[in-house]
Amino acid sequence: MSTLRFQALKETLNRKPVKIEEPKRRSEIFGSNVFNERVMRQFLTKEAFTNVMEAIETGKKIDRNVADHISTGMKEWAISKGVTHYTHWFQPLTGATAEKHDSFFEPMDGGTAVEKFGGGALVQQEPDASSFPNGGIRNTFEARGYTAWDPTSPAFIWGTTLCIPTVFVAYTGEALDNKTPLLRALQAVDNAATDVAKYFDKNVKKVNATLGWEQEYFLIDSALTASRPDITLTGRTLLGHSPAKGQQLDDHYFGSIPSRAIAFMMDLEIECMKLGIPVKTRHNEVAPNQFELAPVFEEANLSVDHNSLIMDVMKKVGERHNFSVLMHEKPFAGINGSGKHNNWSLATDTGVNLLSPGSTPMKNLQFLTFFVNTIKAVYDNEELLRAAIASASNDHRLGANEAPPAIISVFIGSQLTKVLDELEKVTDGKLSPQEKTELKLNVVGKIPEILLDNTDRNRTSPFAFTGNKFEFRAVGSLANCAGAMTVLNSIVAKQLKEFKVEVDKLIKDKKMKKDDAVFNVLREYIKKSKKIRFEGDGYGEAWEKEAEKRGLSNNRTTPLALKAQVSKKTIALYKELGVMNETEIEARHEIELEEYAMRIQIEGRILGDIARNHIIPTSIRYQNILIKNVRGLKDIYADDFARHAKEQLEIIESISSHIASINSNVNAMIEARKIANKMEDAEERAFAYCDDVKPYFEEIRYHCDKLELLVDDEIWPLAKYRELLFTR
């Protein structure tokens with residue numbers, strides 16, 4: 001019997017749900033571990049509070065002297081809640097979060113000590129940056145990097161540590177994190193969207209990008225995970241035969257949540273409430289043991305921070321419940337993978353959602369302006385948007401089992417398609433009174449205020465309009481939302497800037513009224529961007545051929561997709577908006593290429609190890625049992641034994657054939673890896689791993705999975721799919 005696997009199964013089957021004590025009202029604990037506005041009013045001086053609020057609302061710089069008052073108040077609040085350490089919490093280009101804990105404790109003369117936390121420690125720290133990805137921005141011996149406080153995202157307590165959200169930059173000033181470019185992109189879209197929103201309301205002074213993410217994940221018992229080296233080291237199964245029952249009955253989706261899973265969710269939600277993360281929705285997803293949680297939407301920067309934080313919190317809470325939380329986009333073959341749908345919109349400081357239709361033609365014209373400009377931005381930058389969701393892990397998900405394809409398209413539903421078709425017919429130049437009346441009363445004026453039920457869901461659309469927001473469905477579950485949000489807000493900012501220039505030109509040069517100018521420009525945008533709109537099924541060759549006709553890109557793999565990151569067009573876009581300079585752009589491109597190659601390299605090594613040290617020895621062991629059986633039959637039946645041992649001999653031969661194929665493919669994969677490893681150029685190495693190394697994975701897996709069906713279940717060493725997906 002395979003000891004580890006069956007011990008893990010026994011342990012899993014004996015688990016009981018962890019008892020969780022729910023608070024009577026979650027609202028009572030919401031934000032209790034956050035240094036929010038309510039807490040600041042209590043612990044800060046009036047001057048310090050005003051400074052922080054001005055920094056949050058207008059971006060005003062906080063004076064260093066005032067920072068001392070803020071840090072003192074923050075420290076006193078934290079200590080009152082049992083905190084002993086503080087850390088600058090940041091998001092380096094590893095995809096994870098990072099932190100270095102320092103104690104408030106400070107020894108003094110005479111054998112005494114105090115708790116100390118000054119404004120300098122709050123505003124800036126200097127962690128060793130030598131081991132974080134930098135893409136050639138800095139040398140290894142130049143270890144200096146700076147973390148700087150981001151007051152727009154409130155400090156919070158996790159465990160006994162005060163966590164201060166920060167940006168992370170190199171000594172030379174370039175961004176070494178995900179937050180810095182995002183903040184710049186949000187500033188750019190604020191400026192551009194505010195200028196356009198003033199066409200419709202002069203009182204608008206600020207526009208915030210909003211984000212509501214949906215986090216999909218799998219829960220697998222930690223004991224079963226420990227029996228799978230591939231899950232432990234890569235977050236996914238590199239081999240494993242599909243079970244007889246998968247998700248084909250759709251009986252897991254929205255079903256009754258298993259008792260251990262609901263206990264985990266309750267515990268997680270309580271922690272989220274304390275951290276001010278407004279989680280609201282939980283449910284079973286399509287695949288067995290797959291689940292989802294989603295919060296209420298928030299300002300985009302805060303929402304990105306909350307998602308990065310919750311991914312860490314989920315893993316720690318999972319440990320308390322003996323769960324491994326798998327966020328890999330495709331941990332299991334043959335069933336749905338996990339995405340992180342990014343629901344994005346724009347909201348004014350006057351309380352208006354710019355992507356929500358209104359009750360008057362003027363409000364609907366405002367809606368159509370931002371709606372059409374977003375579609376045009378996606379059309380003009382579809383390759384860059386594809387690059388934003390590219391990763392070795394997401395490549396497995398895109399285009400499979402209800403996930404969107406690698407081709408970026410926009411789904412808007414039949415009702416809005418009719419509206420855009422009508423707007424496309426607007427005549428060039430000034431509108432006649434009759435045409436303007438027709439537009440305002442019968443086209444624009446009749447857009448219903450609530451479109452939520454008028455836009456059907458399309459699971460295969462990467463970018464869909466869902467009533468009052470756009471849903472970027474192609475983002476992977478492992479991803480930091482900052483990447484997708486930086487690109488989306490940047491391209492929309494650029495588009496809105498161009499729109500304003502064109503409208504103002506028509507008003508000035510052609511003496512058009514504002515409405516006429518807006519309609520004229522929107523008409524051209526609708527025509528130009530029509531090819532990106534697609535209402536059908538995103539799977540299969542038919543759409544791929546149609547997309548090729550339309551001139552849409554189909555960058556199936558990450559190395560291909562990432563080329564758009566360093567195109568002249570992208571560099572010009574980011575430089576114009578001040579989001580990133582050329583050095584930062586090229587550094588990120590190199591980091592992502594290197595990460596891709598390293599992930600494929602690690603998976604290849606692990607697959608080879610499992611195949612040779614687990615699968616082949618187990619198969620030979622079973623083969624020897626069969627050989628012993630055949631020899632016994634020969635002793636009994638002599639020359640007639642072959643007739644009685646026919647099936648056994650066939651299995652012995654099949655096992656030998658599969659073992660030989662595994663061995664030869666592992667050898668060939670190793671040689672391909674050696675060649676790739678010698679390549680110094682990051683892009684060349686990434687393509688080599690993609691085109692020359694990765695193809696061996698499926699071939700090796702095929703033969704390993706065939707052996708799983710042949711070898712005695714009692715000695716098979718790895719937890720099987722039926723156990724991983726259906727043991728609860």
Side-chain angles (χ1 to χ4, degrees), residues 92-96 130-140 176-178 229-239 327-331 337 383-384 386-399 406 475-480 483 555-567 570 583-611 665-701:
L93 298 173
T94 57
S130 60
S131 294
F132 290 115
N134 61 77
I137 286 178
R138 34 170 316 290
N139 296 311
T140 302
L176 291 172
D177 66 343
N178 287 300
D230 48 356
I231 299 179
T232 302
L233 296 174
T234 71
R236 79 177 183 105
T237 54
L238 296 171
L239 46 83
M327 294 184 206
H328 191 287
E329 283 81 358
K330 197 73 172 178
E383 286 197 276
L384 182 57
R386 165 67 180 97
I389 47 98
S391 69
S393 51
N394 208 22
D395 278 359
H396 293 288
R397 167 181 168 258
L398 294 177
V475 182
S477 52
L478 260 180
N480 185 316
N555 297 321
R556 292 184 179 88
T557 67
T558 290
L560 271 175
L562 291 180
K563 282 180 174 289
Q565 283 185 332
V566 288
S567 68
T570 298
T583 301
E584 291 169 320
I585 295 165
E586 290 175 352
R588 276 161 172 70
H589 181 240
E590 185 167 330
I591 287 167
E592 292 191 39
L593 288 170
E594 287 175 347
E595 182 187 353
Y596 177 86
M598 283 189 286
R599 286 193 180 275
I600 304 299
Q601 180 190 72
I602 290 167
E603 288 190 352
R605 286 174 172 171
I606 294 165
L607 180 58
D609 172 58
I610 295 174
N665 278 294
V666 169
N667 285 334
M669 178 180 66
I670 290 170
E671 290 306 310
R673 267 205 329 259
K674 287 178 180 177
I675 294 169
N677 290 340
K678 290 177 182 176
M679 297 174 180
E680 293 186 6
D681 181 76
E683 185 174 71
E684 188 181 1
R685 187 164 59 251
F687 272 104
Y689 266 101
C690 179
D691 299 334
D692 303 331
V693 177
K694 191 180 171 188
Y696 288 107
F697 289 14
E698 282 305 309
E699 192 66 26
I700 294 166
R701 178 176 191 151

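Computed from a predicted model, the values in this text were never measured in an experiment. Quick note: residue numbers are just sequence positions, from 1. Side chains included, hydrogens not; waters and symmetry mates left out as well; all remaining heavy atoms used.
Put simply, CG on Leu176 and CD1 on Ile591 are 7.5 Å apart, with the number rounded to the nearest 0.5 Å. Note: His328 NE2 to Ser391 OG = 7.5 Å, rounded to the nearest 0.5 Å. The CD1 atom of Ile606 lies 5.5 Å from the OG1 atom of Thr234; values are rounded to the nearest 0.5 Å. For the atom pair CZ of Arg599 and CD of Glu594, the computed distance is 13.5 Å after rounding to the nearest 0.5 Å. In this structure, OG1 on Thr94 lies 8.0 Å from CG on Asn178, to the nearest 0.5 angstrom. Note: Leu233 CG to Ile602 CD1 = 8.5 Å, rounded to the nearest 0.5 Å.
Not one N or O on the side chain of Ser393 forms a donor-acceptor pair closer than 3.5 Å with the backbone of Glu329. Using modelled atom types, no side-chain atom of Arg605 and backbone atom of Ile670 make a donor-acceptor pair closer than 3.5 Å. Here the side chain of Asn665 pairs no donor or acceptor atom with the backbone of Ile700 at under 3.5 angstrom.
Using a 4.5 Å heavy-atom cutoff, the side chains of Met598 and Tyr689 are not in contact. You'll find the side chain of Leu607 stays beyond 4.5 Å of the side chain of Asp230, heavy atoms only. Proximity of Val693 to Met669: side-chain heavy atoms (C-beta onward) are separated by under 4.5 Å at one or more points.
Residues passing the side chain to side chain donor-acceptor pair (under 3.5 Å) test with Glu586, sequence neighbours excluded: none. Under the rule for a salt bridge (charged side-chain N to carboxylate O under 4.0 Å, His left out), Glu590 has no partner lying at least two apart in sequence or in another chain. The salt bridge (charged side-chain N to carboxylate O under 4.0 Å, His left out) search around Lys678 returns none, not counting sequence neighbours. When the salt bridge (charged side-chain N to carboxylate O under 4.0 Å, His left out) test is applied to Arg685, no partner is found at least two apart in sequence or on another chain. Among residues two or more places apart in sequence or in another chain, the salt bridge (charged side-chain N to carboxylate O under 4.0 Å, His left out) test is passed with Asp395 by Arg386.
Screening Leu560, Asp681, Leu593 against Phe687 for a side-chain contact (heavy atoms from CB on, under 4.5 Å) leaves a single residue, Leu560.
Considering all non-hydrogen atoms of both residues, Pro559 and Ala686 come closest at CG-O, 3.8 Å. Between Ile389 and Asn394, the shortest heavy-atom contact is O-ND2, 2.9 Å. In this structure, Ile585 and Gln565 approach most closely via the heavy-atom pair CG2-O, 3.1 Å. Nearest heavy atom pair, residue Ala390 against residue Ala561, reads CB-CB, 3.9 Å. Between Lys330 and His396, the closest heavy-atom pair is CB-CB, 3.5 Å. Of all the heavy atoms in Ala392 and Ile600, the pair that sits closest is CB-CD1, 4.2 Å.
For the salt bridge (Lys or Arg N to Asp or Glu O under 4.0 Å) condition, the pairs that include at least one residue of residues 691-701, sequence neighbours left out, are Arg701-Asp705.
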Discussion item. For a salt bridge (Lys or Arg N to Asp or Glu O under 4.0 Å) check, start with the C-alpha distance between Glu683 and Lys563, then their side-chain angles and the critical distance, and finish with the verdict.
Written reply: CA-CA 9 Å; Glu683 185 174 71; Lys563 282 180 174 289; 3.6 Å; yes

